[in-house]
There are 2 protein chains.
Amino acid sequence: MSDHEPTLNDIARLCGVSAMTVSRVLNDRPGVGQDTRERVLEAIRTAGYVPNLGARGLARSRTQVLGMVVPDLSTQYIAEIVRGAGEAAARHEYDLVLYTSTHGARAFERINALTRGVTDGLLIVLPPASQEFPAFLQRTGQRCVVIDHRGEARDVPAVTADNYSGAREAVDHLVSLGHRRIGFITGRMDTHASLERLRGYREGLLVHGLGVDETLVCGGDFLQPGGFQAARALLELPVAPTAIFASNDVMAFGAMEAVKDAGLRVPVDVSVIGFDDIPMASQVHPSLTTVRQPLYEMGAAAANLLITLLAGIAPSVNRLELGTQVVVRRSTAPPRQPVDLP
Amino acid sequence: MSDHEPTLNDIARLCGVSAMTVSRVLNDRPGVGQDTRERVLEAIRTAGYVPNLGARGLARSRTQVLGMVVPDLSTQYIAEIVRGAGEAAARHEYDLVLYTSTHGARAFERINALTRGVTDGLLIVLPPASQEFPAFLQRTGQRCVVIDHRGEARDVPAVTADNYSGAREAVDHLVSLGHRRIGFITGRMDTHASLERLRGYREGLLVHGLGVDETLVCGGDFLQPGGFQAARALLELPVAPTAIFASNDVMAFGAMEAVKDAGLRVPVDVSVIGFDDIPMASQVHPSLTTVRQPLYEMGAAAANLLITLLAGIAPSVNRLELGTQVVVRRSTAPPRQPVDLP
DNA sequence: CTGAAAGCGCTTACAG
DNA sequence: CTGAAAGCGCTTACAG
């Protein structure tokens, strides 16, 4: 046996047939006699032949591969989206490969250079911030769908959760329990989701006739230590809130720790609510009440939208905003004693 | 402008030069006049040309891409390894792409089919269990390095942490604090790492003249709820342990919650120690004492080893076992009162 | 400094 | 049912 990996031509030679015949067998296409087919299959097996995807993609002008660009792998948030996208892709005979994104001005060029010719289109989670994004898309003709966009132009296909309504519902939940003084921890304010959640928080309070006390709004960064710090600051306020709404679950975990660290209990002394509903939200103690973002469904919807685009079909809508839902668990409860507002 | 993405030949035509010249410019190779080079560069820019990686890989018979197969994205454990491998790859002009692995009997075939021709080699984290693995490697000639192997044949290149010594050190730490009754929560026992950690725990106790009480060994699965359950079982023992050693950090988090849930405190009433030192270990409260597994370095070492193999160089060793280290934080302390052993 | 030819490993479109 | 030819978009190896 030669040193190099066997190619389709090697198999053809081995069987005394043409490359076309091997190709037909490989792709389960008709036009091959039963006996020939079996002979070829056998040769493929014994030689350990595996088609070269680069060559196949080149010949077909399509790879049947979707690229997914993710900013960060260190949270379950991404994992759920990937699961959804991967399973949706598989249902349409596509495979999914992941690229971790770099940042900076040239991020998009790099993504493009890395994926051109080896993917048919891209799913971009939380795209690197860049004003050039729409221009980039037009220029490169790169097919892509954004998940959790940053507020890019409306002609960029995108899938998000309804962050505004989700935040409104979180406030509704806390108010219905009797809370009147609700602290808020923001996400990174360079994301559209953070802005929408803050807006939902503010308008939620107003709708219930509660004023917005800006000292109750604390800056966060979507990370656990940030949530801890912000919650601690909130708890040290002259009049501390009876409930804390964190812009994501990971910060809510930090907030719960800050509450315990201050010698208080969740939810007896302070209620905590998060946003996302990552798997761990149901695993911590007390389990976390949170706004469920349909991450799996978002990944699946984005993959389906991209596949539609790749098929050359103009989708009826290219911006999907999936509904959220408050998942009530053990970290929220009525306040210890009703708070009087000035 | 035509409908399809511009190709190298389009650029050549646009500039009135041969494809070779464009290729030289693209690859920063000499043999092109300064003025010609600039003209080509300009055409590339305005046309938004990006090379087709599939075609390039085919022509070069190498892709300069490393594939990494990961079992699961939902833990920070993987994220650190990916970071290390990605940065090491970049230092050698390789890019890294990720594939999420499926399981089952044909897992390796699928990986092979998915990556052949679009990657030069594979980094496989915690390979799908399969007896065929070594055979698979030989048959396909696939270049690969395993990270955190399952005990495959010794001729499979692999990188792991020294799990046995790490567990020994964890026991040393607890014993030096005065603990005599130490509970242990295992990982999934189909992994080599779990077996080694359990062995280290047992032998660590023996070395200190402490007997191994098998009722103190509780089965776990590397997941947080599993850690919680196991710890609860340990705490309900007639004579509960004063310290709990969990086979990974995530289970240690669950164990800490079980301790608090039982109305006890960490570390005053029960010490908890983990394994891995994922980023979150330093972020929880109390921060987690744990055995640091050099995940970033493991990823980097695996990438470097693979790149060496790809260069056709026989490495001096193809099995690396990286050192671990106990990182002492706030979750361990001397036991409340010395425990008498029978 | 520049280019024509051949080839990487497949598939499409056409013959027979 | 089967195959010879051409091409996908690049690069290598050779000329000039």
Side-chain angles (χ1 to χ4, degrees), chain A residues 2-40 43-44 47-65 112-113 115-120 141, chain B residues 2-41 44 47-65 112-120 140-141:
Chain A
S2 62
D3 185 34
H4 71 307
E5 310 302 310
T7 68
L8 181 145
N9 275 303
D10 293 334
I11 302 297
R13 212 170 305 124
L14 238 47
C15 298
V17 300
S18 72
M20 256 326 296
T21 298
V22 179
S23 176
R24 286 197 184 92
V25 172
L26 231 37
N27 295 289
D28 261 321
R29 278 200 249 271
V32 183
Q34 188 56 32
D35 49 339
T36 313
R37 187 178 295 272
E38 270 165 21
R39 202 149 39 86
V40 171
I44 287 174
Y49 167 70
V50 180
N52 179 313
L53 289 194
R56 175 177 282 177
L58 188 58
R60 286 188 184 160
S61 298
R62 55 180 353 225
T63 60
Q64 234 34 41
V65 171
N112 204 17
T115 59
R116 169 76 80 214
V118 287
T119 62
D120 291 341
Chain B
S2 61
D3 184 36
H4 71 308
E5 310 301 308
T7 69
L8 182 144
N9 275 304
D10 293 333
I11 302 297
R13 213 169 306 123
L14 238 46
C15 298
V17 299
S18 74
M20 255 325 296
T21 299
V22 178
S23 176
R24 287 197 182 93
V25 172
L26 232 36
N27 294 291
D28 261 320
R29 278 201 249 271
V32 184
Q34 187 55 34
D35 48 339
T36 312
R37 187 178 295 271
E38 271 164 21
R39 203 148 41 88
V40 171
L41 246 18
I44 288 175
Y49 167 72
V50 180
N52 180 314
L53 290 193
R56 176 178 280 175
L58 187 58
R60 286 188 184 161
S61 297
R62 57 182 351 227
T63 60
Q64 241 22 48
V65 171
N112 204 16
L114 221 63
T115 58
R116 169 76 82 214
V118 288
T119 61
D120 292 340
T140 64

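For clarity, every value in this text was computed on a predicted model and none was experimentally measured. In what follows, every heavy atom counts, from backbone to side chain, and hydrogens, waters and symmetry copies are set aside. Here is the naming used below: chain letters follow the sequence lines, and residue numbers restart at 1 for every chain.
The side chain of B:Met20 has D:dT12 as its nearest neighbour among D:dT12, C:dT12, D:dG9. Counting only heavy atoms from C-beta on, B:Asn27 has its side chain closest to D:dT11 among D:dT11, C:dG3, D:dG9. Which of D:dT11, C:dC10, D:dT2 sits closest to the side chain of B:Arg56 comes down to D:dT11. When the nucleotides D:dG9, D:dG7, D:dT11 are ranked by their closest atom to the side chain of B:Thr7, D:dG9 comes out on top. Here the side chain of B:Ser23 is nearest to one of D:dT11, D:dT2, C:dC10, namely D:dT11. Distance from the side chain of A:Ala19 is smallest to C:dT11 among C:dT2, C:dT11, C:dG9. Side-chain atoms of B:Arg60 lie closest to D:dT12 of the nucleotides D:dT12, D:dG9, C:dC10. Set against D:dG3, D:dT11, C:dC10, the side chain of A:Thr21 has D:dG3 as its closest nucleotide. The side chain of A:Thr36 sits closest to D:dT2 out of C:dG9, D:dT2, D:dC10. Of the candidates C:dT12, D:dG9, D:dT11, the closest approach to any side-chain atom of A:Arg29 belongs to C:dT12.
The nearest whole Å value for the distance from the CG atom in B:Leu58 to the P atom in D:dC10 is 12 Å. Per the geometry, CG belonging to B:Leu8 stands 13 Å off P belonging to D:dC8, to the nearest Å. Atom CG of A:Leu53 is separated from atom C1' of C:dG9 by 11 Å (rounded to the nearest Å). A:Asp10 has its CG atom 8 Å from the P atom of C:dG9, to the nearest Å. Atom P of nucleotide D:dC8 and atom CG of B:Asn9 are separated by 8 Å, given to the nearest angstrom. Between the CG atom of A:Asn52 and the P atom of D:dC10 there is a distance of 16 Å, given to the nearest Å. Rounded to an integer number of Å, the gap from B:Ile44 CD1 to D:dG9 P is 16 Å. Put simply, CD on B:Gln34 is 9 Å from P on C:dC1, counting in whole angstrom units.
With contacts defined as side-chain heavy-atom distances shorter than 4.5 Å, the pair A:Leu8/A:Pro51 does not qualify. Annotation: side chain of A:Ile44 is in contact with side chain of A:Leu26 (closest heavy-atom distance under 4.5 Å). Proximity of A:Glu5 to B:Arg116: side-chain heavy atoms (C-beta onward) are separated by under 4.5 Å at one or more points. B:Val25 places a side-chain heavy atom less than 4.5 Å from the side chain of B:Leu41.
Between the OH atom of B:Tyr49 and the CG atom of B:Asn9 there is a distance of 9.0 Å, given to the nearest 0.5 Å.
Listed by first and then second residue, the salt bridge (Lys or Arg N to Asp or Glu O under 4.0 Å) pairs involving residues 13-39 of chain A are A:Asp10-A:Arg13 (not counting sequence neighbours).
In terms of modelled atom types and a separation under 3.5 Å, the side chain of A:Asp120 and the main chain of A:Arg62 share no donor-acceptor contact.
Taking for each of B:Ala55 and B:Gly31 the nucleotide of DNA chain C with the nearest heavy atom, the 5'-most of the two is the partner of B:Gly31.
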Watson-Crick and G-U pairing of DNA chain D written in dot-bracket, each distance under 3.5 angstrom, with | for inter-strand partners: |||.||||||||.|||

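The minimum heavy-atom distance between A:Val17 and A:Val22, with the atom names listed, is CG2-CG2, 3.9 Å.
Taking only distance into account, the side chain of A:Arg24 meets the base of D:dG3 through a donor-acceptor pair shorter than 3.5 Å.
Residue-level contact check: B:Pro51 touches the backbone only, with heavy atoms under 4.0 Å from sugar-phosphate atoms and none from bases.
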